[in-house]
Amino acid sequence: MKIAEKFRIADKFRKYRLVPVVVVNSVQEAETVLGGLCDGGLAIAEICFRTPCAEEVLRFAVKNFPKMLIGAGTVINGEQCIRAIQAGAKFIVSPGISEEAALICMQKAIPYLPGVVTSTEIIKAISLEIPTVKFFPAENVGGLKGLKAVAAAFPQMTFVPTGGINQDNLAAYLSFDKVVACGGSWMTKGTREEIARKTRLAVTLTESL
């Protein structure tokens, strides 16, 4: 996949500025969460591939929420990556770098966001021609200050910080020009109405920046 194609996911993430991280244990739960996100004005979700129903939920989400940009998260190897793509995932996210997953995504023209913390990991991502990475777990590895310190050496790289992001620190992260979006799960808990309310607050904040 050409670099120009890979940048498209960053452009899409910049549009939403938020990537809700969704962990559910049933299709019914997924419907509540995804419905709440949409009601709150956020048509994107990263469905974590770490529950027994994750593949089923992905298929359900892609079919029943066609206007949403649905991706798969917590993908740790090539086998999971293939299953997630076959289920309809439009982007793949890993907690670390899986070269196997990266190569599969390149072959399938699917954007891949690996998790990174160190300069060595970022250099590895660059060697795989990946221009946007997930900085994870953000708050546990120095927060925004830590991200800025690492990012300074890599002007070509953009980031999606995830881990400990919430309504209180979201604006600070998004104010950093190397950040295309933030991942988080704080708005995905509760009833559909509660999720919609929290999502609406977050979207309103991003629109004010």
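We're numbering straight along the sequence, starting at 1.
Cluster membership for F91 and I104, using ILVMFWY side-chain heavy atoms within less than 4.5 angstrom, is shared. Linking ILVMFWY residues whenever their side-chain heavy atoms come closer than 4.5 Å, directly or via other members, leaves I76 and I130 in distinct clusters. Residues V24 and V19 fall within the same hydrophobic cluster, defined by Ile, Leu, Val, Met, Phe, Trp and Tyr side chains chained together at heavy-atom separations under 4.5 Å. Neither I92 nor F136 shares a network with the other; the hydrophobic side chains, linked directly or stepwise wherever heavy atoms of I, L, V, M, F, W or Y lie under 4.5 Å apart, form separate groups for each. Transitive grouping of hydrophobic side chains (ILVMFWY, heavy atoms separated by less than 4.5 Å) keeps V21 and V75 in distinct clusters.
In this structure, the side chains of Q167 and L201 come closer than 4.5 Å at one or more pairs of heavy atoms.
Look at E193 and R197 and you find no salt bridge, because none of the NZ, NE, NH1 or NH2 atoms lies under 4.0 Å from a carboxylate O. Ion pair K198/E194 not flagged as a salt bridge, since none of the NZ, NE, NH1 or NH2 atoms sits closer than 4.0 Å to an Asp/Glu carboxylate oxygen.
The OG1 atom of T206 sits 8.0 Å away from the CG atom of L42 when rounded to the nearest 0.5 Å. Atom CG of residue L34 and atom CG of residue N64 lie 9.5 Å apart, to the nearest 0.5 angstrom. Note: L113 CG to F159 CZ = 11.5 Å, rounded to the nearest 0.5 Å. For the atom pair E139 CD and I165 CD1, the distance stands at 5.5 Å (nearest 0.5 Å). Here I126 contributes atom CD1 and M157 contributes atom CE; the two are 4.5 Å apart, rounded to the nearest 0.5 Å. Note that CD1 of I47 is 9.5 Å distant from CZ of F60, once rounded to the nearest 0.5 Å.
A cation-pi contact, defined as under 6.0 Å to the ring centre and within 45° of the axis, links K148 to F176.
Considering all non-hydrogen atoms of both residues, G143 and Y173 come closest at CA-OH, 3.1 Å. The minimum heavy-atom distance linking P161 with A181 is given by the pair CD-O, 3.2 Å.
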Determine, step by step, whether E99 and K124 satisfy the salt bridge (charged side-chain N to carboxylate O under 4.0 Å, His left out) criterion, reporting the C-alpha distance in whole Å, the side-chain angles of both residues, the deciding distance to 0.1 Å, and the verdict. CA-CA 9 Å; E99 187 167 350; K124 179 64 175 177; 2.9 Å; yes
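A donor-acceptor pair shorter than 3.5 Å can be found between the side chains of S94 and Y112.
None of Q80, R83, Q86 except one satisfies the side-chain hydrogen bond (donor to acceptor under 3.5 Å, both in side chains) rule with E55; the exception is R83. The side-chain contact (heavy atoms from CB on, under 4.5 Å) test with C182 is passed by exactly one of N169, V160, L170: L170.
More than 12 heavy atoms of other residues, nucleotides or ligands lie within 6.0 Å of NZ in K189, so this atom counts as buried by the packing criterion.
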